[in-house]
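A quick write-up on the structure given underneath.
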There are 4 protein chains.
Amino acid sequence: MKRIAVLTSGGDAPGMNAAVRAVVRKGIHSGLEVFGVYQGYQGLIAGNIKKLDVGSVGDIVQRGGTMLYSARCPEFKTEEGRQKGIENLKKHGIEGLVVVGGDGSYMGAVKLTEAGFPCIGIPGTIDNDIPGTDFTLGFDTALNTVIDAIDKIRDTATSHERTFIIEVMGRDAGDIALWSGLAGGAETILIPESKEDFQDVLDRLKSGLARGKKHSILVVAEGVATGDEVAHALQEEGIDNRVTVLGHIQRGGSPTAMDRVLGSRFGGHAVDLLLAGHGGRAVGIRKNEIVDYDIMEILKEKHEIDMNMYQLSKELSI
Amino acid sequence: MKRIAVLTSGGDAPGMNAAVRAVVRKGIHSGLEVFGVYQGYQGLIAGNIKKLDVGSVGDIVQRGGTMLYSARCPEFKTEEGRQKGIENLKKHGIEGLVVVGGDGSYMGAVKLTEAGFPCIGIPGTIDNDIPGTDFTLGFDTALNTVIDAIDKIRDTATSHERTFIIEVMGRDAGDIALWSGLAGGAETILIPESKEDFQDVLDRLKSGLARGKKHSILVVAEGVATGDEVAHALQEEGIDNRVTVLGHIQRGGSPTAMDRVLGSRFGGHAVDLLLAGHGGRAVGIRKNEIVDYDIMEILKEKHEIDMNMYQLSKELSI
Amino acid sequence: MKRIAVLTSGGDAPGMNAAVRAVVRKGIHSGLEVFGVYQGYQGLIAGNIKKLDVGSVGDIVQRGGTMLYSARCPEFKTEEGRQKGIENLKKHGIEGLVVVGGDGSYMGAVKLTEAGFPCIGIPGTIDNDIPGTDFTLGFDTALNTVIDAIDKIRDTATSHERTFIIEVMGRDAGDIALWSGLAGGAETILIPESKEDFQDVLDRLKSGLARGKKHSILVVAEGVATGDEVAHALQEEGIDNRVTVLGHIQRGGSPTAMDRVLGSRFGGHAVDLLLAGHGGRAVGIRKNEIVDYDIMEILKEKHEIDMNMYQLSKELSI
Amino acid sequence: MKRIAVLTSGGDAPGMNAAVRAVVRKGIHSGLEVFGVYQGYQGLIAGNIKKLDVGSVGDIVQRGGTMLYSARCPEFKTEEGRQKGIENLKKHGIEGLVVVGGDGSYMGAVKLTEAGFPCIGIPGTIDNDIPGTDFTLGFDTALNTVIDAIDKIRDTATSHERTFIIEVMGRDAGDIALWSGLAGGAETILIPESKEDFQDVLDRLKSGLARGKKHSILVVAEGVATGDEVAHALQEEGIDNRVTVLGHIQRGGSPTAMDRVLGSRFGGHAVDLLLAGHGGRAVGIRKNEIVDYDIMEILKEKHEIDMNMYQLSKELSI
């Protein structure tokens, strides 16, 4: 293998730039030429591919977003689209591709690998919802953005003795809600993985108010309900409240130390795999070690949330 | 004058604690005894008043919110409610009151002064909408919270080449939108003080897109429209976008250096005024000097936004 | 067991408050009464012990430092001192103690356990130098403080095209230097675990300068040399540079999400251990699971740095 | 005037990029062509000059440092050097130059203006030591960096009940020390403008310790003494302490809202001045208005610190 490429796809996540930098530098250090594909699979089809040198990834490890841009690309779901992509890669003599993104992006990597072009997936998404890894790239940064918001809202919640509802991202996974709620000292955390009776939540809030508890923070994962839905439900029960939808600020920002290190390690390992002739693998961190799996097998699994932590969060919010 | 009190009222604002600390310490340094009224005017009526010593305001200059809590109090709009408040103050031998809050809070201070109890107002609100001061306490911190959010959203806007709409606070004033939009490099800023034709905004966005401009940030003051309203209007014109409503995170957080200094200076000056026998005054910062005005005269004026800065923001977002 | 206590000892670390909160709340949730020992072992000898209720640990999960204070206590190294401490605990009917601190604090916990009083150690130090855990409480926050400083210094290093040396903490361990250097994109990282020939470092810097590389960041662990020593060594070789010693800012600050979660889990597990009748254990996180070990056995081991990451950091800083 | 240029010189300061962006965009908006001179006066002599378009200053308003780089340039102190610079400007048809920097940089602008080439100075330095402006560009950001450090150190100072000394920048001016000390709630602030008897400081610290005050923060401006000198002096008097030298982190970081707005307004006004045919002016903000002065007259004046604020800081640190 002499030439490899890297692209970022799907929702951007902090740490993607650290991963791109690692692929480029580790690749060059290993004697490869490394190319960047711009705008994800869309750019792959369009042939938006440029050679990256050591300096091109200087001063990016600390930046949010992705220097390679990202885009949605329905056309890549067609075989024709993918064939165009492979031709564009081959035109540059590229023999392996690293894809940084979520499960939708992984599917593209699987299809390319099946079509004979070896790909390696790096789990890049703030949602922590990719199987095969304990942590996805961007999750830690998103958590810190969320707890910063919770800390700020707590100032007002405490000063005004009010109930606040905070809606956080996570798609179908409750990880952002659970971790940030536990870290932020939220009184209530609603996650899709727990079919908690909403009546129980109401009862607890009411008995807290009856005991004289004056303010309360409720974190709700977008996979459960919108913040507004929860707000209306509480309002109907006579519990005055304010709602905040954190939205896209959770996706941006300078990555944390953990995400920069994780991106660097993921990127380095992805290059090692390509050098060793492996395609169709997804890297991850499991039990605090960098690992890799068959990307097709991984997509059949399901990410599991840590229910012990959920239990702990309840015990600590008495 | 031997005893004074301080309360915070209305929406909390970063820097209120710095102002409270300054009132307490400057008061004690000047030989006074200083009392805190908890929960604003509601606590005044309820007699929730405690003596504060030097140590009671230690380690608070850096905290958001208000250690004295705040609350809404319809009862204080009645003469009866205010008489109860004055009685409670007199019960403790208190002869002067410092009120930190917005224009609603000022009205209470006016009424108390008219009833013979000297009050001093300190403009504490993130909205920068109080006449008689170039800057309100909390405005600078809110601005920095907003630009931090804009910077984060820009990461995603750039990576995905999309248009983002950010709704910010400010009530009827466009100051938060204007300053944060200029500081954040927003392409479009919508403020209530400028009757800009919305069609012009659309035309500019469209011609930008036609020229190949790939992402764009639009900051809209809540006094103009909700973020969702703007989003729908753009969507109808075929401009795909995402909307973020920053909400209550703008009110919290550790105050900036400017707000801590401003709160300290406001608090110190308020004590000086009471010591000099002045009631019914509002402090402020004008032309970079700490000033004070007749609080009743001030309430007749209107805060003015800086339209030169608005013009500049347009020139720089070409 | 009906009553337990918790103390913090040694250098303070962000997340200690989250651990204290978890011990108190999990304890109360499990039907125990929980006491706080103030000023570490010194307070234990002095009998500075107070009962903590659920509210006493409210609004602290986000605060740096330790609400229980910390202190050095040579007297606790004597048997007499420890007997006084045990008597004070027994006076309150306390039957188990959780100690949050570094290896010096662990030694006290061992001695108390040996004297018949069951203790559980929680590894609280920014240095990540405690065996039996992959991460110590406070390490993640310290890393983020360091990379924030590196990012700031990089602004100046880039603008002025200069070499900067940054000295970081870590005692005899290079973890802070290695992780922050990798995350910060440092060109050179000096750690005590690698007997790198200083001449090699000089040669690399010089050849970089000769190739036209205009700025460079070197992170040095305090266990290797002081920043000034490295600065002088470079200066003597004709390499102009500036040095920054980060010092105590590395110990403070609001804990990150990871440290708040880690402190919460450590605290919860420590209570579980006491409830199950286990004394003389140290909790930790290994392979991403909360674990516990015999505290005496653990102190015989040595924390190991991840040399693969060190190798990676070199490959990425080409 | 058809073509202008902009350069940054001296120590970098946050907000310089906002000023460069404003010069470029306001210039282009006014029909000018705008050039960037790289590496300050050194680049001017070397002819390192490039045309800047609207997009070249996109996405920089939030970045620390200066995209135009900075450098020291002894050669520019010679007439020969300056003549080379002017020739290089004229070679590109450039007729006016905006210089962002401190007083050393102003001197170059004066000399160029005297030699017939119109220059406008923008006060860019964190030290707030330039006459003719109430605030320099970068001062507000540096203050917030310093109070963030003070807040962190306070965590440890409180937890360990210790005295901490923090040395801050400012050259001969005490502004950073005074404002950050007041904002950070420091017990003692040492500034070069006040010939306070050091014995008084010691007496106050000692009487505080005698009264039971357990921790204390002392901020010292580099213009008074080094942190180490103060530390040794306290140590000799038996006051145990720790010292932190904040160093170059004070120069970097993403600029605050105030500095981004200030830089934008300064840059816009500088272009207005050149368009109006004025050379040899320095812009500033006085009494909250953007102003300009004869740059030669300004250099004869001296920046004045606000001694009322210094007095207030003493009254509040009782």
Side-chain angles (χ1 to χ4, degrees), chain A residues 8-14 16-17 38-40 42-43 63-72 126 138 141-142 145-146 148-162 164-167 214-215 217 227-228 240-255, chain B residues 8-14 16-17 38-40 42-43 63-72 126 138 141-142 145-146 148-162 164-167 214-215 217 227-228 240-255:
Chain A
T8 54
S9 167
D12 63 317
M16 281 185 163
N17 282 327
Y38 289 77
Q39 277 101 11
Q42 184 184 294
R63 302 214 191 282
T66 159
M67 64 167 274
L68 293 179
Y69 304 97
S70 189
R72 272 186 296 177
I126 63 166
T141 306
T145 297
V146 174
D148 185 54
I150 294 179
D151 290 351
K152 284 190 165 76
I153 285 169
R154 183 202 305 278
D155 287 339
T156 294
T158 308
S159 298
H160 285 270
E161 307 184 328
R162 250 183 206 153
F164 272 84
I165 295 157
I166 303 174
E167 179 194 323
K214 285 176 176 161
H215 67 272
I217 289 175
D228 281 335
D240 189 35
N241 64 77
R242 295 287 179 280
V243 64
T244 295
V245 181
L246 288 185
H248 278 84
I249 61 168
Q250 296 166 83
R251 289 261 197 89
S254 179
Chain B
T8 53
S9 167
D12 63 318
M16 281 185 164
N17 282 328
Y38 290 77
Q39 276 101 12
Q42 183 183 294
R63 303 216 190 281
T66 160
M67 65 166 272
L68 294 179
Y69 304 98
S70 189
R72 272 186 296 178
I126 64 166
T141 306
T145 298
V146 174
D148 184 56
I150 294 178
D151 290 352
K152 284 190 165 76
I153 286 169
R154 183 202 304 279
D155 287 339
T156 294
T158 308
S159 298
H160 285 270
E161 306 182 330
R162 250 185 206 153
F164 272 83
I165 294 158
I166 302 174
E167 179 194 321
K214 283 177 178 162
H215 68 271
I217 288 175
D228 281 334
D240 189 33
N241 64 78
R242 294 288 180 278
V243 63
T244 296
V245 181
L246 288 186
H248 279 84
I249 61 167
Q250 296 166 84
R251 290 263 196 87
S254 179

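Keep in mind it's a predicted model, so treat the numbers as computed, not measured. In what follows, every chain begins at residue 1, and chains take the letters A, B, ... in the order their sequences are listed.
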Original post:
What part of Glu161(B) gets closer than 4.5 Å to chain A, counting heavy atoms only: side chain, backbone, both or neither?
Top reply: side chain
Subject >> Best-contacting candidate, Thr145(A), Ile166(A), Ile150(A), against chain B by heavy atom pairs under 4.5 angstrom >> reply: Thr145(A)
Subject >> Heavy-atom side-chain proximity of Arg251(A) to Asp155(B) below 4.5 angstrom >> reply: no
Subject >> Heavy-atom pairs under 4.5 Å with chain A, option from Thr8(B), Ile249(B), Leu68(B) with the top count >> reply: Ile249(B)
Subject >> Region of Arg242(A) in contact with chain B, defined by heavy-atom distances below 4.5 Å >> reply: side chain
**OP:** Locate the shortest heavy-atom distance separating Gly253(B) from Pro14(B); write the atom from each residue and the value.
**Re:** O-CB, 3.7 Å
Original post:
Among Gly247(A), Gly64(A), Ala149(A), who wins on heavy-atom pairs under 4.5 Å with chain B?
Top reply: Gly64(A)
Original post:
Non-hydrogen atoms of chain B under 4.5 Å away: do they reach the side chain of Arg154(A), the backbone, both or neither?
Top reply: neither
Original post:
So, for His160(B) and Gly10(A), which heavy atoms are closest and what is the spacing to 0.1 Å?
Top reply: CE1-O, 3.0 Å
Original post:
His248(A) vs Phe164(B) aromatic rings, parallel, tilted or perpendicular, using cut-offs 30° and 60°?
Top reply: perpendicular
Original post:
Ala71(B) and Gln39(B): which non-hydrogen atoms are nearest, and at how many Å?
Top reply: CB-O, 3.7 Å
**OP:** Could you give me the CA-CA distance, side-chain angles and deciding distance for Ile126(B) and Thr141(B), then say whether side-chain contact (heavy atoms from CB on, under 4.5 Å) is met?
**Re:** CA-CA 8 Å; Ile126(B) 64 166; Thr141(B) 306; over 6 Å; no
Original post:
Does any heavy atom of chain A fall under 4.5 Å from the side chain of Arg63(B), the backbone, both, or neither of them?
Top reply: neither
Original post:
Which is it for Val146(A) and Gln250(A) under the side-chain contact (heavy atoms from CB on, under 4.5 Å) test, yes or no, and what are the steps along the way?
Top reply: CA-CA 7 Å; Val146(A) 174; Gln250(A) 296 166 83; 3.7 Å; yes
Subject >> Choice from Asp151(A), Asp12(A), Thr158(A), Ile153(A) maximising heavy atom contacts with chain B below 4.5 Å >> reply: Asp12(A)
Subject >> Heavy-atom pairs under 4.5 Å with chain A, option from Thr66(B), Thr156(B), Val245(B) with the top count >> reply: Thr156(B)
